[in-house]
Peer 1: 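Below is one structure. I have some questions about it.
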Amino acid sequence: MPAQKIETGHTDTVHDVCMDYYGKRVASASSDSTIKIIGVTNNSTSQHLTTLTGHNGPVWQVAWAHPKFGSLLASCSYDATIILWKETNPNEWTQVHTFTDHKSSVNSIAWAPHELGLCLACGSSDGNITVHTARSDGGWDTTRIDQAHPVGVTSVSWAPSMAPGALVGSGSFEPVQKLASGGCDNTVKVWKLSNGGWRMDCFPALQMHTDWVRGVAWAPNLGLPKSTIASCSEDGTVVIWTVGKEGDNWNGKVLFDFKVPVWRVTWSLTGNLLAVAAGDNNVTMWKEAVDGEWQQVTTVD
């Protein structure tokens, strides 16, 4: 599939782009304080659908909720807020909720696997993570991880809802509620929800980076017998963390040293390809070979 260039219409740096569940629309977040929604088609054309305004600072990330919850988009900003936007009519969007729990920039947001309900994790420069869960009456419950990374949280990512090794279609399973986070303390941490509160699920914190962790991404496992997290850092490295069964220790392995800051890591839907966005303006794709070594398979210009 040839690369498709999309004119966003933003007037400042674009920090994030997120494709909806069906691959028909892209939401983009920018330092111009707006979110743009763009329709994309298979014949390499794109169409500006709408501009969402409501933040009072750079917008760092956008995230589409699963379509079973309707057409819903979340955004987070330097202005310390998270806004939920709902499409009430085609291309007509309304602000339906604003979360104001954080004291400084909200740097990362992630929707939980849809099996866990409508649930949004948010990481902030104030060091805290908040998890907002929708109630049936339209309100929201909030749980917190206070001082998750005291000098600032840069990234949050949910674990798959199915535990490693759980067979697809094997009947009922207890969904897993776990989060990975990265921060300005150079560490990656794993959190587990138990008895209504979040507890650290890795001891000690995962530390192989020597500078701020900029991104964490928990890989889909599709019933595989291990959990995998990718992390990237301003130190130029990407680390692949793996663990077998519950209670084992995580093992870290450097995928590659890019020699420039690495801003984002993203897994394919099947979890077998890792995209890496680095400070040299290149996006590279990586795949794990049979021998466990990681190989670069392509570069996106």
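All heavy atoms count here, side chains included; hydrogens, waters and symmetry mates do not.
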Peer 1: Please determine whether a side-chain nitrogen of the Lys or Arg among Lys192 and Glu246 lies less than 4.0 Å from a carboxylate oxygen of the Asp or Glu.
Peer 2: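 Judged by the 4.0 Å cut-off on N to carboxylate O distance, Lys192 and Glu246 do form a salt bridge.
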Peer 1: Please evaluate residues Thr154 and Trp212 with respect to the criterion side-chain hydrogen bond (donor to acceptor under 3.5 Å, both in side chains), reporting the C-alpha separation (whole Å), side-chain torsions for both, the decisive distance (0.1 Å), and the verdict.
Peer 2: CA-CA 8 Å; Thr154 55; Trp212 289 16; over 6 Å; no
Peer 1: Any idea which heavy atoms bring Pro175 and Leu116 closest together, and the distance?
Peer 2: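 What the structure gives for the nearest pair is CB-CD2, 3.5 Å.
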Peer 1: Between Phe99 and His97, how do the two ring planes meet: parallel, tilted or perpendicular, split at 30° and 60°?
Peer 2: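 Taking His97 first and then Phe99, their aromatic rings sit tilted (interplane angle of 30° to 60°).
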Peer 1: From the options Val283, Asn282, Thr266, Thr284, select the one residue that forms a side-chain contact (heavy atoms from CB on, under 4.5 Å) with Val276.
Peer 2: Thr284
Peer 1: With ring centroids as reference points, do Trp111 and Tyr21 lie under 6.0 angstrom apart?
Peer 2: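 Ring-ring flag for Trp111/Tyr21: false, centres at least 6.0 Å apart.
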Peer 1: Go through the steps for Trp218 and Trp191 under the test ring pair (Phe, Tyr, Trp, His ring centres under 6.0 Å), then give the verdict.
Peer 2: CA-CA 12 Å; Trp218 204 309; Trp191 310 90; over 10 Å; no
Peer 1: How close do Cys122 and His132 get, counting heavy atoms only, and between which atoms?
Peer 2: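 Closest heavy-atom pair between Cys122 and His132: SG-CD2, 3.7 Å.
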Peer 1: Shortest non-hydrogen contact from His10 to Ala29?
Peer 2: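 Smallest interatomic distance, heavy atoms only, reads NE2-N, 4.2 Å.
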Peer 1: Only one of Leu73, Ile83, Thr34 clears side-chain contact (heavy atoms from CB on, under 4.5 Å) with Leu52; which?
Peer 2: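 Filter result, single survivor: Leu73.
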Peer 1: Identify the two heavy atoms, one from Ser28 and one from Val14, that lie closest to each other, and give their separation to 0.1 Å.
Peer 2: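 Looking at all heavy atoms of both residues, the closest pair is CB-CG1, 4.3 Å.
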Peer 1: Going by an N to O cut-off under 4.0 Å, is there a salt bridge joining Glu7 and Lys36?
Peer 2: no
Peer 1: Check Ser231 against His209 and note the closest heavy-atom contact, atom names and distance.
Peer 2: OG-NE2, 2.8 Å
Peer 1: How far apart are the closest heavy atoms of Asn107 and Ser124, and which atoms are they?
Peer 2: ND2-C, 3.9 Å
Peer 1: Walk me through it: do Cys119 and Trp158 pass the test side chain to side chain contact (heavy atoms under 4.5 Å, CB included)?
Peer 2: CA-CA 10 Å; Cys119 187; Trp158 287 87; 3.7 Å; yes
Peer 1: Determine yes or no for a side-chain-to-main-chain donor-acceptor pair under 3.5 angstrom, with Ser33 supplying the side chain and Gly57 the backbone.
Peer 2: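 Pair found, side chain donor or acceptor close to backbone of Gly57.
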